[in-house]
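Before any comments, here is the structure.
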Amino acid sequence: MNILDQIIASKKREVALKKTIIPIQQLEQSVLFERKTTSLVQNLSNSSSGIIAEHKRRSPSKSVINQSNSVEEIVKSYDNGGASGISVLTDSQYFGGSLDDFLLARATTTLPLLRKDFTIDAYQILEAKAFGADVILLIAAVLSREEIKKLSELAKSLQLEVLLEIHNQEELDKSIMPSLDLIGVNNRNLKTFEVNLNYSKQLSEHIPSEFIKISESGINSAVSVSELKNFGFQGFLMGEYFMKSKNPEYEMKEFIQKINS
C-alpha cells in the first residue's frame with residue numbers, strides 16, 4: 001500500500017470509532033453549528049496575495065515541521081501577516097493535528113478556516129461544521145464522482161464552501177460539478193510525495209473559469225506565486241514555508257510585499 005492508501009484505511013477506522021462515541025445529534029447541537037460562515041472565495045477574490053497559510057505540525061514527508069509554537073501564536077501571526085484564509089490540519093496519526101487545534105484556531109481568528117483532512121464520510125462534514133469550519137476539502141484521488149457529489153452537496157446545504165483537490169486531468173474530468181467552489185491542484189503526488197509546480201501550470205487551462213483556482217504544496221517563493229498568478233491562480237496554499245519560520249508574521253508580510261512589488 002502507498003502512503004495515501006494507508007492514510008485512508010486508518011481514516012475509515014477512525015471515523016467508524018468516532019461515530020460510536022459522538023452521535024450526529026450531538027454535533028448538530030454544537031454552538032458553532034449555527035455560526036454564519038465566512039467566504040474564502042470572497043476573500044481570495046478581493047486579495048492581492050491569495051495566501052492560505054496552513055497550520056501543520058508534521059507530515060509523512062517531513063517528520064517534524066514545527067512542534068514548538070502554539071496554535072494560537074501561529075494563527076495570530078497568519079492573521080496579522082495578511083493571510084486570506086487559514087488551513088488547519090486535523091489528522092492526528094500522520095500530521096499531528098486535531099480538532100482541538102481547529103477549535104483554538106477558530107477562537108483566535110475571524111478569517112475563513114479550511115478543515116484540512118481526508119474526508120471520506122458525511123460524518124466528517126457535520127463534524128467540520130460543528131467545530132467552526134468555513135471550508136472543507138475533498139480529495140478527488142480517494143473519492144468517486146458519486147461520493148464527491150454527495151459530500152459536496154451536503155457541505156453546501158450547511159453553507160460550507162468546498163475545495164476539491166486534484167492532481168491530474170483524469171481527476172479533474174470526473175469531478176467537475178456545480179456544488180464545488182474552489183479547485184486546488186496539489187503539486188505533490190500523494191502517492192510518492194514528489195513535488196512539481198508544473199502540475200498546476202499544466203492543469204490551469206482545463207479548470208473552468210467559474211471556480212477559484214488554488215495551487216497547493218511546494219510554493220516557497222514570491223516568484224513562484226507571480227508565475228502561478230499568470231496561469232489564473234488566485235489562491236496559494238502554503239504550509240511548510242511559514243510553519244518552519246521563527247517569525248511567521250514578519251515572513252508573511254515580507255512575502256506579500258515581494259508578490260506585490
Side-chain angles (χ1 to χ4, degrees), residues 1-8 11 40-41 44 50-62 65 83-91 94-95 97 113-120 124 128 133 135-145 147-148 151-152 155 161-177 180-208 211-221 224-225 227-229 231-243:
M1 282 207 298
N2 62 48
I3 187 68
L4 184 58
D5 292 338
Q6 289 172 39
I7 290 171
I8 296 306
K11 193 57 60 179
L40 179 60
V41 168
L44 291 173
I51 289 172
I52 304 162
E54 189 157 83
H55 181 272
K56 176 165 71 172
R57 289 195 176 86
R58 58 183 168 86
S59 77
S61 61
K62 290 274 169 70
I65 299 166
S84 301
I86 295 173
S87 164
V88 180
L89 262 144
T90 58
D91 175 79
Y94 294 89
F95 292 86
L113 286 186
L114 163 68
R115 183 199 180 177
K116 185 95 174 282
D117 211 313
F118 296 83
T119 304
I120 49 161
Q124 291 162 286
V135 193
I136 57 119
L137 174 73
L138 298 178
I139 301 173
V142 300
L143 299 167
S144 67
R145 180 174 174 83
E147 287 170 326
I148 293 168
L151 295 170
S152 59
E161 290 180 338
V162 180
L163 167 59
L164 187 279
E165 178 180 297
I166 58 160
H167 182 66
N168 55 42
Q169 186 70 47
E170 189 189 346
E171 290 174 5
L172 176 62
D173 292 343
K174 80 167 184 186
S175 306
I176 295 294
M177 56 187 74
L180 308 175
D181 300 284
L182 313 103
I183 293 186
V185 180
N186 194 344
N187 300 307
R188 175 177 282 116
N189 183 324
L190 288 176
K191 293 175 181 171
T192 64
F193 276 78
E194 168 229 358
V195 178
N196 192 331
L197 293 186
N198 284 331
Y199 287 116
S200 281
K201 293 171 185 176
Q202 287 159 6
L203 286 164
S204 63
E205 62 181 311
H206 302 287
I207 300 171
F211 303 107
I212 294 269
K213 294 181 199 176
I214 312 279
S215 185
E216 310 171 17
S217 303
I219 301 165
N220 50 28
S221 75
S224 295
V225 169
E227 272 180 28
L228 289 162
K229 281 190 170 199
F231 284 84
F233 287 91
Q234 288 175 271
F236 309 92
L237 186 58
M238 298 176 64
E240 252 165 71
Y241 186 84
F242 297 119
M243 265 310 275

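Computed from a prediction, not measured in an experiment: that's the story for all the values here. We number each residue from 1, following the sequence as shown.
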task: Would you sort out whether F236 and K229 count as a side-chain contact (heavy atoms from CB on, under 4.5 Å), showing the intermediate values?
output: CA-CA 9 Å; F236 309 92; K229 281 190 170 199; 3.6 Å; yes
side-chain contact (heavy atoms from CB on, under 4.5 Å) partner of I214, chosen from V185, I183, L164, I52: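 Testing each of V185, I183, L164, I52 against I214, the sole residue satisfying side-chain contact (heavy atoms from CB on, under 4.5 Å) is I52.
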Treating [X] as the side-chain partner and [Y] as the backbone partner, does any N or O pair qualify as donor plus acceptor under 3.5 Å?
X	Y	value
N168	E171	yes
D181	E161	no
K174	L143	yes
N198	K201	no
S152	I148	yes
N187	S215	no
R188	H167	no
E216	E165	no

- request: Only counting residues at least two apart or in another chain, list the ones meeting salt bridge (Lys or Arg N to Asp or Glu O under 4.0 Å) with K213.
  value: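 If we apply the salt bridge (Lys or Arg N to Asp or Glu O under 4.0 Å) test to K213, skipping adjacent residues, there are no hits.
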- request: Go through the structure and list residues passing salt bridge (Lys or Arg N to Asp or Glu O under 4.0 Å) with K11, not counting sequence neighbours.
  value: E14, D91, D117
- request: Would you please test Q169 and Q202 for side-chain contact (heavy atoms from CB on, under 4.5 Å) and show each step?
  value: CA-CA 9 Å; Q169 186 70 47; Q202 287 159 6; over 6 Å; no
When you compare the side chain of [Y] with that of [X], does any pair of heavy atoms fall below 4.5 Å?
X	Y	value
F211	I176	yes
L40	L182	yes
I219	L228	yes

field: Heavy-atom closest contact (F95 atom, I7 atom, distance)
entry: CE1-CD1, 4.3 Å
query: Going by an N to O cut-off under 4.0 Å, is there a salt bridge joining K116 and E54?
result: yes
- prompt: side-chain hydrogen bond (donor to acceptor under 3.5 Å, both in side chains) with E170: which residues, sequence neighbours excluded?
  reply: none
message: As a quick check of understanding, evaluate side-chain contact (heavy atoms from CB on, under 4.5 Å) for Y94 and I3, giving each step before the final call.
response: CA-CA 10 Å; Y94 294 89; I3 187 68; 3.9 Å; yes
